[in-house]
Amino acid sequence: MIVIDPRIHQVLDGELGSDAVPAELRLTVARLAAAAQLLAVPLPGPLPSVETRVMAEIRRPAPSRARRLMRWFVTPRAIIFRVRPAWSLAFAVVAAALTLFTVGDQGPELAEHEGIAQFVGRFPEAQSVHVVGTFNDWRPGSIALEDQDHDGVWRATVVLPAGTYEYMFVVDGERWVPDHLAERLVADDFGRENSIVIVRPARR
Amino acid sequence: MKLWVALALAGCLALPLAAQSVRGRLEGRIPSAAIPAVDSLIQFAAQEGLPTEPLIQKALEGGAKHVAVSRIVAAVQLSLGQLRDARDLLVRAGDQPPVLPAELTTVAWARRRGLPAPVIERVVAALGRPPRAAALHAVADLVAHRFDPDSAAELIIVAVQQGVPRERLLDVSTAALQQVQRGLTRAEALAIVRRQLPNLPAPSKPTRGNVAGARRPAAPPP
């Protein structure tokens, strides 16, 4: 704590003349008097009142829509998540199930040299339809077509190595029928015609 | 010298093993009476450096279709003749023997689809090995749809020369067929497609749904 000599107070208050104090105090008295003079100088203008400042803000023209939008985007905002562990767990289970279901529905992964062949035939009275050809060593029964909606149209989608294949449909295990929708046919050297499918690589 | 001896020994060992494997594929699939004749035809093909798989497939096809033994043997013999013709054709067109088995199969197959030999020779002589098979398939497609063989071959050769990749050559023939379906004559269709080269309609790709439902053929029983 700084202790000021009481005589200095008296000089500053005008109770004593500056000559009445010792010389070593006079310098301090002079400095304090100068500081008091500085503080006594009035400010350049009156401070605007709160009301004035509020009214100035109100009268300022509103920023454009784009500027407001930009300000909205750049202003940092706090986002609060309120989590109920039971619901979160249920959501995670559903998401995992959906993901597994979707992944399982994507079909086989195709190699670079593999492609997709679609076989479609209309056999309204058939009990079973298979496709046999050079892709399965003409082995009946290895690729069955399906008629899921029972409209007589049988279909199979098969992954095969890219290449050219000859094939026929086998209806009910005994009737050999060419694919009438195939654009390409070739004599089978046994008195009938084989259909031809050209499988192109799926990843081109 | 040692290398040649090793290769000869390997060849001597490989041929009987291959013969055993072929017999294994045929047994139970074609009448047993047909096996000796079919087997000997397949051995001939192997000794001549011809592909044997088309002959095996023809025999298996005959067996699956319950065709008589004589007809199975005749069909395999016919296939062997087609492969020999294909080899001669390729050599005539300038290929140096031994000719690649895949090339032989493709040429034999193109002949079976009705491509005249001179047209095949022209395509083979004009194009390098990689695009040949695809080019022959594309020309055969056009010829099967009654396009003039020479004009069809010309279009496909020009397509290759203009930079159409081999995997898109079938799209050239498809584009010509689409023009015919729109009512143009075949000559007009070829002319239009030729003018548009190397631009082609986008090829159809398997949809996600198709791929999702796709399955691989069941493996044959051992």
Side-chain angles (χ1 to χ4, degrees), chain A residues 102-111 114-118 130-144 146 148 155-168 170 174 176 182-194 196 198-204, chain B residues 25 29-30 53-54 56-68 71-72 74-79 82 102 105-106 109 112-114 133-134 136-138 140-141 144-145 165 167-168 170-171 173-174 177 203-221:
Chain A
T102 313
V103 167
D105 198 32
Q106 283 178 343
E109 185 70 25
L110 297 185
E114 286 183 324
I116 298 283
Q118 273 194 299
H130 290 84
V131 60
V132 291
T134 49
F135 41 75
N136 60 357
D137 276 2
W138 296 94
R139 194 179 294 276
S142 68
I143 304 175
E146 292 173 352
Q148 288 181 336
R155 303 165 197 275
T157 307
V158 187
V159 178
L160 293 173
T164 306
Y165 302 97
E166 295 179 33
Y167 68 97
M168 281 185 96
V170 181
E174 55 185 22
W176 288 73
E183 291 183 354
R184 304 173 179 96
L185 295 167
V186 66
D188 73 348
D189 301 331
F190 299 118
R192 284 185 282 204
E193 280 187 320
N194 289 334
I196 294 164
I198 297 177
V199 179
R200 301 160 82 176
R203 292 188 193 171
R204 274 183 277 164
Chain B
R25 286 178 71 185
R29 301 289 314 280
I30 67 172
E53 188 60 26
I56 297 168
Q57 287 296 332
K58 188 51 70 182
L60 292 174
E61 180 186 351
K65 291 179 176 175
H66 302 296
V67 174
R71 292 180 68 193
I72 293 177
V76 174
Q77 202 157 16
L78 182 64
S79 297
Q82 288 165 346
T105 309
T106 304
W109 201 78
R112 284 180 61 209
R113 289 193 69 195
L136 287 173
H137 283 309
D141 272 4
H145 286 88
E167 61 272 16
R168 296 219 59 198
L170 281 175
D171 295 325
S173 52
T174 304
L177 290 173
S204 60
K205 288 204 162 193
T207 63
R208 186 189 162 117
N210 288 343
V211 177
R215 60 187 193 274
R216 294 174 200 280

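Note on naming: letters A, B, ... go to the chains in the order of the sequence lines (proteins, then strands), and numbering restarts at 1 for each one.
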Fill in: Gap between atom CD of Gln57(B) and atom OH of Tyr165(A) - 0.5 Å precision
10.0 Å
Worksheet entry | Phe190(A) and Lys58(B), any side-chain heavy atoms less than 4.5 Å apart | yes
Discussion item. For the interface with chain A, which of His145(B), His66(B), Glu61(B) has the highest count of heavy-atom pairs at distances below 4.5 Å?
Written reply: Glu61(B)
Worksheet entry | Interface residue of largest heavy-atom contact number with chain A, from Arg71(B), Arg29(B), Glu53(B), under 4.5 Å | Arg29(B)
Worksheet item: Given a strict heavy-atom distance threshold of 4.5 Å, which part of Leu60(B) is in contact with chain A: side chain, backbone, both, or neither?
Response: both
Discussion item. Among Ala144(B), Ala74(B), Gly62(B), Pro54(B), which residue has the highest count of heavy-atom pairs closer than 4.5 Å to chain A?
Written reply: Gly62(B)
Discussion item. Heavy-atom pairs under 4.5 Å with chain B: which of Val132(A), Thr134(A), Ile143(A) has the most?
Written reply: Thr134(A)
Worksheet entry | chain A contact via His137(B) - which portion, at a heavy-atom distance below 4.5 Å | side chain
Worksheet item: Arg200(A) versus Glu167(B): any side-chain heavy-atom pair under 4.5 Å?
Response: no
Worksheet, complete the sentence: CD of Gln82(B) to CG of Asp189(A), rounded to nearest 0.5 Å, is 6.0 Å
Fill in: Contact origin within Asp188(A) toward chain B - heavy atom pairs under 4.5 Å
both
Worksheet item: When rounded to the nearest 0.5 angstrom, what is the spacing between CD in Glu166(A) and CZ in Arg112(B)?
Response: 4.0 Å
Fill in: Interchain contact, Arg155(A) with chain B, by part (heavy-atom threshold 4.5 Å)
neither
